[in-house]
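Encoded as structure tokens, the structure appears first; notes follow it.
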There are 2 protein chains.
Amino acid sequence: MLEMAILGLLNEAPMHGYELRKRVLAVFGGFRALSYGSLYPALKRMREQGWICGQDPDDASRVLPADAPPLTGKRGKVVYALTAEGKERFQELLTEGGPEAWEDERFGVRFAFFAQTDADVRMRILEGRRRRVEERRDGLRSSLARTRQRVDRYTLELQSHGLDSIDREVRWLSELIDHETVDRRQIDGTNSQPPKSTT
Amino acid sequence: MLEMAILGLLNEAPMHGYELRKRVLAVFGGFRALSYGSLYPALKRMREQGWICGQDPDDASRVLPADAPPLTGKRGKVVYALTAEGKERFQELLTEGGPEAWEDERFGVRFAFFAQTDADVRMRILEGRRRRVEERRDGLRSSLARTRQRVDRYTLELQSHGLDSIDREVRWLSELIDHETVDRRQIDGTNSQPPKSTT
DNA sequence: AGTGCGATATATCGATCCGATACAACGACG
DNA sequence: CGTCGTTGTATCGGATCGATATATCGCACT
């Protein structure tokens with residue numbers, strides 16, 4: 001979810017599209033890129049939605065709402081910032097913990113803003129993600145077991161390495177879940193909350 | 001490169017689109033998926049290119065070349081097989097070792113057919129891929145070093161885990177390259193080939 | 001003083017691929 | 001005898017990429 005990434009980063013500070021892209025590359029670089037071909041259309045859509053507004057830094061009076069001209073010819077620079085609706089929308093996204101949140105691409109973005117997410121939503125997403133990744137691991141594992149004898153060295157190497165990566169992610173997620181559980185227990189201990197069942 | 005994946009798998013054995021998809025999931029599952037939304041249009045394109053042909057298994061006489069009808073209504077099953085041009089095209093792809101071959105998605109597919117690729121092309125691709133991944137690693141590493149103090153626990157965790165994954169890939173590639181080098185030395189020793197510079 | 005390169009910056013275009021969905025036939029199972 | 005899961009083909013809209021065009025700015029080199 002590109003939309004959430006943009007809202008989240010603009011929530012930290014207003015910036016140019018260009019800057020936005022560099023930040024995305026730095027934060028999500030291990031998982032996802034962000035091309036201009038998605039960025040600028042996304043910014044346009046979001047401006048139309050009213051979630052962000054663009055402002056010309058050379059002429060502060062010239063605010064660019066929904067219907068701004070395409071800036072052809074002499075192009076101005078635009079600093080984007082969240083509107084009230086944008087902040088609202090971001091908060092709304094933070095509370096969503098449905099199955100979409102633990103799909104490959106979404107999860108990375110979702111996780112990057114965990115610090116602003118409620119503990120129970122964090123837990124739901126981490127456990128959902130783990131289930132998801134375990135499923136894939138099991139599928140790959142059995143497929144590998146079946147074909148092990150029949151394939152060449154390189155295919156085997158590729159599948160083994162893929163399986164290792166997935167195994168590592170499961171372990172990483174388990175560590176995070178353990179950590180969350182400890183945090184929760186500490187809160188429960190001092191705050192006497194009932195121990196919620198995490199389904 | 002979806003095209004190469006299909007050609008490569010059909011080179012092993014003719015099969016249905018559906019089967020093709022399952023094989024792709026099994027072999028590349030750790031890296032890439034394959035949706036029907038890409039598969040069937042791709043098969044159609046490739047049939048138009050003359051690389052593959054489809055044949056109705058219930059009526060072997062009914063071969064489906066380039067301009068076959070969309071099979072609406074009563075849909076027949078289609079077994080796809082490589083044509084002579086298709087085999088040629090696949091061999092051609094196997095010899096290509098340019099920069100495209102070591103980009104994220106391409107590399108996995110490329111690597112899966114390494115057993116049918118020349119040793120020097122294998123080496124070029126492995127080293128190119130390693131350079132590519134090292135670049136990303138260094139970018140991420142310095143970005144992480146710069147922001148380490150300023151970000152929250154989850155962002156840090158995400159970036160660290162991403163960096164670890166990339167580090168692991170570099171090590172994996174290095175092991176493969178070492179192995180290739182050993183193989184080459186053995187051939188050079190017994191076969192007295194001149195030690196090629198791998199630029 | 002010129003010049004030329006790399007970074008900053010906005011924007012679009014075509015192509016690729018995904019996700020969801022529809023449709024249909026077949027076999028297993030109760 | 002129905003109905004559920006698997007096999008199987010196909011399309012649609014939407015998201016995203018990769019390449020490219022354009023323009024400005026600062027800095028180094030000559």
Side-chain angles (χ1 to χ4, degrees), chain A residues 1-6 14-25 28 31-47 52 54-58 62 64 68-80 98-100 102-106 108-109 132, chain B residues 1-6 14-25 28-29 31-49 52 54-58 62 64 68-80 98-100 102-106 108-109 132 139:
Chain A
M1 226 182 227
L2 176 53
E3 180 190 298
M4 186 177 193
I6 294 175
M15 54 185 126
H16 290 156
Y18 189 84
E19 231 173 321
L20 211 38
R21 180 169 182 261
K22 283 203 303 181
R23 291 272 295 131
V24 167
L25 266 305
F28 310 111
F31 307 90
R32 285 206 68 60
L34 172 54
S35 66
Y36 296 126
S38 358
L39 175 59
Y40 285 103
L43 288 172
K44 196 179 174 185
R45 274 200 313 271
M46 292 168 73
R47 221 170 42 193
I52 60 177
Q55 189 176 320
D56 188 336
D58 296 334
R62 185 156 161 263
L64 307 172
L71 293 177
T72 51
K74 202 160 211 168
R75 274 167 190 163
K77 300 181 183 179
V78 185
V79 174
Y80 291 97
E100 338 81 43
W102 50 73
E103 286 307 308
D104 287 330
E105 271 89 63
R106 328 264 187 155
V109 178
R132 181 75 178 73
Chain B
M1 225 182 230
L2 175 55
E3 180 191 300
M4 187 176 191
I6 293 176
M15 55 185 126
H16 289 157
Y18 190 83
E19 231 173 321
L20 210 38
R21 181 171 182 259
K22 283 203 304 182
R23 292 273 294 130
V24 166
L25 265 307
F28 311 110
F31 306 91
R32 286 205 68 62
L34 172 53
S35 66
Y36 297 126
S38 357
L39 175 59
Y40 285 104
L43 289 173
K44 196 179 174 185
R45 273 199 314 271
M46 291 168 72
R47 220 170 43 193
E48 282 161 9
Q49 293 278 336
I52 62 176
Q55 189 176 320
D56 187 336
D58 297 333
R62 185 157 161 264
L64 307 172
L71 293 177
T72 51
K74 204 159 210 168
R75 273 166 190 164
K77 301 183 183 180
V78 186
V79 174
Y80 291 96
E100 338 81 43
W102 50 72
E103 286 307 308
D104 288 330
E105 271 89 64
R106 328 264 187 156
V109 179
R132 180 75 178 72

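To find a chain, count down the sequence lines: A is the first, B the second, and so on, and within it residues start at 1.
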Which nucleotide in the set D:dG18, C:dT12, C:dT21 lies at the smallest distance from any side-chain heavy atom of A:Y40?
C:dT12

Write down the atom of A:I6, the atom of A:A42, and the distance for their closest heavy-atom approach.
CD1-CB, 4.0 Å

Assign A:R32 to base, sugar-phosphate, or nothing according to its heavy-atom contacts below 4.0 angstrom with the strands shown.
sugar-phosphate

With a 4.0 Å limit, can you tell me whether B:K22 has a side-chain N or O closer than that to the phosphate oxygens OP1/OP2 of D:dT6?
no

Specify the residue among B:E19 and B:P41 whose closest nucleotide of DNA chain D lies further upstream toward the 5′ end.
B:E19

Nearest-0.5 Å distance, NZ of residue B:K22 to CD of residue B:E19
7.0 Å

Within the 4.0 Å heavy-atom criterion, would you say B:G37 contacts the bases, only the backbone, or no part of the nucleic acid?
base

Do B:L43 and B:Y80 come close enough that some side-chain heavy atom pair is under 4.5 Å?
yes

side-chain contact (heavy atoms from CB on, under 4.5 Å) partners for B:S35, two or more places apart
B:S38

Which nucleotide in the list D:dT7, C:dC18, D:dG8 gets nearest to the side chain of B:S35?
C:dC18

Looking only at the side chain of A:Y80 (C-beta and beyond, no hydrogens), which of the listed nucleotides C:dA11, D:dG8, C:dT12 gets closest?
C:dA11

With a 4.0 Å limit, can you tell me whether B:S38 has a side-chain N or O closer than that to the phosphate oxygens OP1/OP2 of C:dC18?
yes

Among the nucleotides C:dA11, C:dC18, D:dT9, which one has an atom lying closest to any side-chain atom of B:V78?
D:dT9

Separation of atom OH in A:Y36 from atom P in D:dT16, rounded to whole Å:
17 Å

Paired and unpaired positions of DNA chain C as dot-bracket, Watson-Crick or G-U wobble under 3.5 Å, | denoting a partner strand
||||||||||||||||||||||||||||||

Nearest whole angstrom, please: distance from the C1' of C:dT16 to the CD of B:E100.
16 Å

To the nearest Å, give me how far apart CZ (A:R106) and P (D:dA15) are.
9 Å

Validation row: B:H16, B:V79 side chains within 4.5 angstrom (heavy atoms):
yes

Of all the choices, C:dT8, C:dC17, C:dC18, which nucleotide is nearest to the side chain of B:L34 once you look at every atom?
C:dC18

D:dG8 C1' sits how many Å from B:R21 CZ, rounded?
12 Å

Please report the distance, rounded to the nearest Å, between CG in A:L43 and P in D:dT16.
13 Å

Side chain of B:Y18 - closest among D:dT20, D:dT6, C:dC17
D:dT6

Tell me: CD of A:E105 to C1' of C:dG19, nearest whole Å?
12 Å

Here the pair of heavy atoms bringing B:M46 nearest to B:E3 is CE-O, 3.8 Å

For atom CD of A:E3 and atom P of D:dT16, their distance in whole Å:
10 Å

What integer distance in Å separates A:Q55:CD from C:dT10:P?
14 Å

Atom of A:M15, atom of A:R23 and distance for their closest heavy-atom approach:
SD-CG, 4.0 Å

The reported gap from CZ in A:R32 to CZ in A:R106 (rounded to nearest 0.5 angstrom) is 10.0 Å

Counting heavy atoms from C-beta on, name the nucleotide in C:dC17, D:dC17, D:dT11 closest to the side chain of B:R45.
C:dC17

Residue pair B:G17/B:E103 against DNA chain D: nearer the 5' end by closest nucleotide is B:G17

Under 4.0 Å between a side-chain N or O of B:K77 and OP1 or OP2 of C:dC26?
no

For A:A33, report the nucleic acid contact type (base, sugar-phosphate, nothing); a contact means any heavy atom under 4.0 Å.
sugar-phosphate

Once you apply a heavy-atom cut-off of 4.0 Å, does A:L39 come out as touching a base, just sugar-phosphate, or nothing?
nothing

Please list, chain by chain and in numerical order, all residues satisfying side-chain contact (heavy atoms from CB on, under 4.5 Å) with A:R21, sequence neighbours excluded.
A:L25, A:Y36, A:L39

